[in-house]
Every structure is written in C-alpha cells, then in structure tokens.
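Everything on this sheet refers to the single structure shown next.
Treat the numbers as computed from the prediction; the structure is a model and nothing was measured. In what follows, every chain begins at residue 1, and chains take the letters A, B, ... in the order their sequences are listed.
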2 protein chains.
Amino acid sequence: MRGVDGLELSAKRAEYLKYIFNQGDVVRTTDISTHFSVAPSTVTKTLEDLARSGFVEHSPYHGVRISRRGREYARFLIRRHRLLALMLSRHGLSPDAACREARSFEWYVNKSVVDSICASLGHPVMSVCGPIEHDTCCCCPADR
Amino acid sequence: MRGVDGLELSAKRAEYLKYIFNQGDVVRTTDISTHFSVAPSTVTKTLEDLARSGFVEHSPYHGVRISRRGREYARFLIRRHRLLALMLSRHGLSPDAACREARSFEWYVNKSVVDSICASLGHPVMSVCGPIEHDTCCCCPADR
DNA sequence: GCTAATGTTTGGTATAGACCTAAATTATGC
DNA sequence: GCATAATTTAGGTCTATACCAAACATTAGC
C-alpha cells in the first residue's frame, strides 16, 4: 500500500473491485453486470482496464479473480468507507445515513486523510456498517 | 436554498462560480481563463452553461455577473468548504492540509450532510480558512 | 471616427469514462 | 457433438472537460 493515495480508481471501478473482492473466488461477467445493472459488454471493458492496472486477473470467457494488489486495495477501500461512515455518524448522521452518504464522496478522499481520521478516532475496530481492519493503516508495522 | 442538495454543479463549474462570486462585480472571460489556466474558449463554454442554469448572467463580450441564485449557491459552496475543512482539522489535519484536502472531495458532499456536521460542531463561526456564515444553514430561520 | 490591438465567441477536434446494441466467439449441458 | 447460454468484440452514443484556429466584437489610439 505504499505509494497509494486512494484515488487510483474511478468510483465505478472501485465499486467493481470491492464487489469482486467480496465475492471471494472467480467472478463471472454476468454476476457483475446483474449486480450493477449494466450490459455485460460494459463489464468486460472495465474488467480489461482493471486487469491492465493489475487489480484483477481476467481470463476471457472464464471470469476474473482479484490479484494480490487488488485485494490490498479493496481492503483499503472498505477501511476508508467504514472510517468515513463512522466519522459521519460521530457528526450526527444516523448509521444508515452515514453509510449511505459516505458512499457518495469516499472515492475522492486521500489515504493520508483517512489515516488521520483513523488516528483521531483512536483506531476504532468497529464502524456503523462493519468492522474496521487496520492492516492498511499507517499505524501498523506491516505497512511500513 | 430549498431543494438544493449541493451536487447541482460539477467540481469545475462550482470552482468557476466560487471564483466569480469572490471577484464581486463583472468578471471577464480572460480573468477566469488566466486564473484556471485554460483557454478562453473553454471558459466561454462553461459560462454559457452556468448562465443556462441560472447561476450567472452572461452578456457576451462583456463578461459575467453572478445571479441571485448563483450568489446563494456560492455562499453555500464556501460554507461547505469551510465546514469540511474545519471538520478535517478536528480530525488531525493541519489547517493547510485540511483546507487543501477538503477541496478534493467537498463537491460530492450533500447539503444535508453539511448541515449535520455544522450542527455537530456547534455552528462554528470560524474555520481554518475563513469565517463561516450561517444564512444557508438549516438552523437559520431565513432558510425555512 | 477609423484602424489596430485586444478580448471573446464559434466551430471543430480530442480524451476519458461510462454506457449501449448487435454480431461473433467460446463454453457447457444434455 | 450440437444447441443454448455466457462472454467478448465491434462500433457506436453521451457527458464533461479541454484544446485550437478562425471569425468576430469591442476598445483605445490617434
């Protein structure tokens, strides 16, 4: 995660990656196109891009599998989302609203900002929409 | 400001509007193109758009002047920026970093979220990069 | 009050991202 | 091993942003 600023992927691509990560194993084009309600061909193109950037391994006609890099990045995306949602909930939003609203702008928030927020919240382990892992956080030796 | 969610303008357009608002009177195409380092024709096109949406009054060859609607909206943009910057500074960012980082994602943050943050910070009157006005805040009778 | 310099707009082009349909290709289930 | 289902390819649309060159309008100098 060194040299990562969290803005490498557009919102849409990041959502695809998150979805692929959450599915675990091999994900089929149709799964993604159904989930996001877009045409399969749209998915194929985006997948090719994600593969070109090394976030997934795409074997045509057989689906995609997340790469090591993609896995790390997806974990960061999830950690960012949950930290921002938690922050919003500390600023008066209901858990649901916090989670929903975080989705709208999280894609534009730097890793360094996320790390600051994480520290200011005392490296919390639980957010309003799930646990927060700290293996991609600046405070963890593994990341240094 | 009723019916406004803060996402009406793209980041670029909102920046143009903010600049025009800050300049006060009539602003010339060249001023804007110099400020943002883009070609004058790019500015003209964007200005036409802003005029079409009612944020500015554009009299060709004579510059633009902000409209009533634009003025209100610009005030909201500034209030949003300063509240988010203040929030970031409360989460460990230096004043400079808070202001800079807020710029990168503020464009995607809803008015309702801004209002919540405003309330949670106790409707502050000063941020890290300038005063915060509350005439566009949900807490003010003028807005109801 | 005309001309030259300056400022602005018009029209055309480009890129990136996201999306689509239709046609072609590959895989899979009997 | 063939029909059907899944997937990719080809070719296109649309929006936002940006650029340039050429045409045009305005202003300033004389």
Side-chain angles (χ1 to χ4, degrees), chain A residues 5-20 23-66 70 73 77 103-109, chain B residues 5-20 23-66 70 73 77 103-109:
Chain A
D5 69 4
L7 313 177
E8 289 74 5
L9 294 179
S10 70
K12 265 280 125 70
R13 280 164 204 211
E15 303 228 42
Y16 279 29
L17 188 67
K18 233 160 137 175
Y19 177 77
I20 294 165
Q23 293 305 102
D25 204 47
V26 169
V27 186
R28 331 243 22 214
T29 299
T30 315
D31 296 341
I32 303 174
S33 84
T34 304
H35 184 77
F36 291 101
S37 304
V38 297
S41 59
T42 302
V43 174
T44 301
K45 270 198 178 120
T46 306
L47 254 29
E48 281 166 356
D49 264 15
L50 283 175
R52 244 195 306 280
S53 333
F55 291 101
V56 299
E57 282 140 28
H58 183 210
S59 58
Y61 296 102
H62 292 282
V64 275
R65 185 191 298 272
I66 201 157
Y73 200 78
L77 294 177
R103 270 183 215 293
S104 58
F105 69 85
E106 60 187 58
W107 322 100
Y108 309 99
V109 181
Chain B
D5 69 4
L7 312 177
E8 290 71 7
L9 294 180
S10 69
K12 263 281 127 68
R13 279 162 204 212
E15 302 229 43
Y16 278 30
L17 188 67
K18 231 160 138 174
Y19 177 78
I20 293 165
Q23 293 305 101
D25 204 48
V26 169
V27 187
R28 334 255 359 232
T29 300
T30 316
D31 296 341
I32 303 174
S33 83
T34 304
H35 184 76
F36 292 102
S37 304
V38 300
S41 57
T42 303
V43 174
T44 300
K45 274 186 180 135
T46 305
L47 255 28
E48 281 166 356
D49 264 16
L50 283 176
R52 243 196 306 281
S53 332
F55 291 102
V56 299
E57 282 140 29
H58 183 209
S59 58
Y61 294 102
H62 293 283
V64 275
R65 185 191 298 271
I66 201 156
Y73 201 78
L77 294 177
R103 270 181 215 294
S104 57
F105 69 86
E106 60 186 59
W107 322 101
Y108 309 99
V109 181

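For B/Tyr16 and B/Phe55, the gap between ring centers reaches or exceeds 6.0 Å.
Whole-Å rounding puts the B/Ile32 CD1 to C/dG7 P distance at 14 Å. Whole-Å rounding puts the B/Leu47 CG to D/dA16 C1' distance at 16 Å. Rounded to whole angstrom, the span from the CG atom of B/Leu50 across to the C1' atom of D/dA16 amounts to 13 Å.
Proximity of residues 8-18 of chain A to DNA chain D (heavy atom under 4.0 angstrom from any strand atom) is not detected for any residue. A heavy atom lying under 4.0 Å from DNA chain D marks the following residues of residues 35-46 of chain B, by number: B/Ser37, B/Val38, B/Ala39, B/Ser41, B/Thr42, B/Lys45.
Contact check for A/Val27 versus A/Arg65: no side-chain heavy atoms found under the 4.5 Å cut-off. Residues A/Val26 and A/Val64 have side chains not in contact (no heavy-atom distance under 4.5 Å, counting atoms from C-beta outward).
Smallest separation of non-hydrogen atoms from A/Val56 and A/Leu47: CG2-O, 4.0 Å. Between B/Leu77 and B/Glu106, the closest heavy-atom pair is O-OE2, 4.5 Å. Contact record, A/Ala14 with A/Trp107: CB-CZ3, 3.3 Å, taken as the closest heavy-atom pair. Residues A/Thr29 and A/Pro40 come closest through the heavy atom pair CG2-O, 3.6 Å. The two residues A/Leu17 and A/Gly70 have their closest heavy-atom pair at CD2-O, 3.8 Å. Smallest separation of non-hydrogen atoms from B/Ala51 and B/His58: CB-CB, 4.0 Å.
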Open item on the list: I need a per-nucleotide contact map over nucleotides 25-30 of chain C, read 5' to 3'. Cutoff is protein heavy atoms under 4.0 Å; write B for the base, S for backbone only, - otherwise.
Closed with: BSS---
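Side-chain N or O atoms of B/Thr46 include one that pairs as donor or acceptor with a backbone N or O of B/Thr42 at under 3.5 Å.
Residue pairs meeting the salt bridge (Lys or Arg N to Asp or Glu O under 4.0 Å) criterion with at least one member in residues 30-51 of chain B, sequence neighbours excluded, are B/Arg13-B/Asp49, B/Asp49-B/Arg52.
Of the inter-residue distances, the one linking B/Tyr73 atom OH with B/Leu50 atom CG reads 10.5 Å to the nearest 0.5 angstrom.
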What are the atom names and distances for every N/O pair under 3.5 Å that joins the protein to nucleotides 2-4 of chain C?
none

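Residues that satisfy the side chain to side chain contact (heavy atoms under 4.5 Å, CB included) test with B/Phe105, not counting sequence neighbours, are A/Phe105, A/Tyr108, A/Val109, B/Leu84, B/Leu88, B/Val109.
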